[in-house]
Structure formats: structure tokens, C-alpha cells
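Worth knowing before you read on, the calculation uses all heavy atoms, side chains too, and leaves out hydrogens, waters and symmetry mates.
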Amino acid sequence: MFDTILLTIDVEDWFQVENFKSVIPYATWNDRELRVERNTHRLLDLFDAVDLNPKTTFFILGWIAKQLPHLVKEIHNRGHEVASHGFAHELCTKIQPSEFKEDLIGSKHFLEDLIGAPVIGYRAPSFSINMDLLRIIEDCGYQYDSSYNSFGMHGRYGKVDFSGFRKTGIAYAVSDSFHELPVSNLTLNKHVLPWSGGGYFRLMPFSLFKLGVKKILNNTSAYLFYMHPWEIDPNQPRVTGIPRSYQFRHYVNLQKTYARLYRFIKAFNHCQFITLRDYLNMTLCPLRHD
């Protein structure tokens, strides 16, 4: 059995991140330069150019899908998985359950209408999840969530205790028909270190990051990575009026990310790169060999 790398892309643009909300409110989004299409195309072309032909899960923001429906169709037509990232990048823990349910159903149906195929996966903005919200996601017709980040030192990440749930591979069975696929972190001496991608991937020396991924694979045989299209775009507009820590986290090493992602895929060319949908199907319903 091959080790598995699960690449996931949160399709949102540079101005939609939570760290910029104090200076870029939702009402101004239509006035901002859209750069997500060209950046997503670069990622798609990179995946096509690599010999492994990795298949990826794209968690697409409904607002982006509404602006760029042809991009959603292209992601699907190139053989990748389309999943939901909600509509307006609101923290799930900060809105009413009725609003959350409306967001879940609306984004799911909109994406399904675009690609003509079921959308079964969801990721919460900023990993803002809890057990009550997971139950709502399941009730809205999704088969899996990928919003749990076990790194405990980030204030927006949700808190969920999965210790009592059945685990197959890296998938936790929330119910018989709904699973959690958490992003991957590294545990050393009972300390959880952020190793799942995003800013941590940009900040950490590549050789060190690779060693951590190898250790995760040795323990679980699967590694779940995430990033955003804006992370390969060093020429994006610079936002001011936010804390320096936010500026650092957003802009650090943007000029290196594209090449680093290519190196990452090549470094693990002995692994299979598949979508979350396919991993779930493979893990829960393994093929029988006569």
C-alpha cells in the first residue's frame, strides 16, 4: 500500500482572509482586484505538469464561484474534486446556526449546479469548527468535513475531542455516513506542532518540513496538506493598517511558495496523491483483490 498525500486548496482571494477583515470588510469585496483565477490556473498547470499527475481537493468559496463559474468548471473538468468552503468566509463559530445551515446548503447547491455532480466535502473558514457544527454539516447532506486543526495555540481554530470516535486511516467516523478528515500536524513528546501547510509551509525551512511530513507518514500513512492560491502570488497588493504579526503571517516567503510546492510533490513521488473523496472511498471501502 502506498503512502498517501492529500493536497487541498482553499480557493479564496488575497482580500478575503480573516486577518484583513478589520480593513477590508465584505461590502468592499466587489471593489478589489480579483487575482485568484490566474493563481489557481498556475496551480492547475503545475499539477498537470508533474509526472505524478496529482489529484487535489479544491474547497471553493461560494463568492468566488459566483464571480468565476468557469473556473469551478475547469477545476472539475481537469479531474480534481470540488468541495465547499462556504460562501462569504465567515467564521462558523461567530454566526447563528440558522445562518450556518443556509450557508452550507446554498454553497453546496450552487457548486453542484455548476459542475453537474455531487459536492460531498466542506471546510470551515479558519478551521472554525466544533462538534455541534459538525452535526449541522452532516444534516446538510455532506459526507465529510476537513476543518479540524489539532494545533491548539491558534485562537480561531475550533476545539473537538475525537478520542471516542472510531478511526480508519486518518478519518474519524462522526457517524456511519459522515467523517472528519483533519489536516495533519506533527506530535512530538505530546506537543502538537503546526505542520499542515499554509503559513507554516512558507515559514519553515523546506528540509525540516519534509522531515516532519515523513514522520507523519510513518505514523499514519497519510498526510493532509492545505494552502491558498494567494500564497503563490508575491505581487498581490500590500494591505496596511493591520498588526505587524498579521502582515508577517500573510506575506512571508510568498515568492518561494510555488517552487517549494513543486519540490514538495517531487520529494514524495513515491506516494499517491489523491482527493479527499477518493481517500475516503478507498479507506472505508477498500478494493478487493481476487
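Between H85 and H89, the ring planes are perpendicular. Angles over 60° get that label, and only those under 30° would be called parallel. Taking the six-membered ring for Trp and thresholds of 30 and 60 degrees, F225 and Y223 have ring planes inclined between 30 and 60 degrees apart. Relative ring orientation between W29 and F15 is described as perpendicular, the plane-to-plane angle rising above 60° on a 0-90° scale split at 30° and 60°.
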Applying ring pair (Phe, Tyr, Trp, His ring centres under 6.0 Å), run through H76 and H80 and close with a yes or a no.
CA-CA 5 Å; H76 175 71; H80 302 285; over 10 Å; no
Using side-chain hydrogen bond (donor to acceptor under 3.5 Å, both in side chains), reason through S107 and S84 one step at a time and then give a plain yes or no.
CA-CA 6 Å; S107 61; S84 172; 2.9 Å; yes
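Remark: F59 engages no residue in a ring pair (Phe, Tyr, Trp, His ring centres under 6.0 Å) (not counting sequence neighbours).
Here V252 sits in one hydrophobic cluster together with L203, F248; the rule is ILVMFWY side chains under 4.5 Å apart, joined directly or through other members.
Put simply, the side chain of I129 does not reach to within 4.5 Å of the side chain of F127, judged on heavy atoms. In this structure, V17 and H228 have side chains that are not in contact, with every pair of non-hydrogen atoms separated by 4.5 Å or more. Proximity of W14 to V239: side-chain heavy atoms (C-beta onward) are separated by under 4.5 Å at one or more points.
One finds the CD atom of E74 at 8.0 Å from the NE2 atom of H70 (value rounded to the nearest 0.5 Å). Taken from CG in L52 to CZ in F273, the straight-line distance is 6.0 Å, to the nearest 0.5 Å. To the nearest 0.5 Å, atom CD1 of residue I115 and atom CG of residue N77 are 9.0 Å apart.
With a 6.0 Å cutoff to the six-membered ring centre and a 45° limit on the axis angle, R78 does not count as a cation-pi contact of F47. A cation-pi arrangement is found for R42 relative to Y258, the charged atom lying closer than 6.0 Å to the ring centre and inside a 45° cone about the ring normal. Figure legend: cation-pi geometry between K108 and Y142, with NZ or CZ positioned under 6.0 Å from the six-membered ring centre and within 45° of its axis.
By the criterion of side-chain heavy atoms lying less than 4.5 angstrom apart, applied directly or through intervening Ile, Leu, Val, Met, Phe, Trp or Tyr residues, L91 is not grouped with Y148; the two fall into different hydrophobic clusters.
Partner of L186 under the side chain to side chain contact (heavy atoms under 4.5 Å, CB included) criterion, chosen from F209, Y200, W195: W195.
No side-chain N or O of N269 forms a donor-acceptor pair with one of D51 less than 3.5 Å apart. No hydrogens or angles considered: nothing links the side chains of R123 and S147 as a donor-acceptor pair under 3.5 Å. A donor and an acceptor atom, one from each side chain of S177 and Q143, are nowhere located under 3.5 Å apart.
Classification of E33 and R38 as a salt-bridged pair holds, one side-chain N sitting under 4.0 Å from a carboxylate O.
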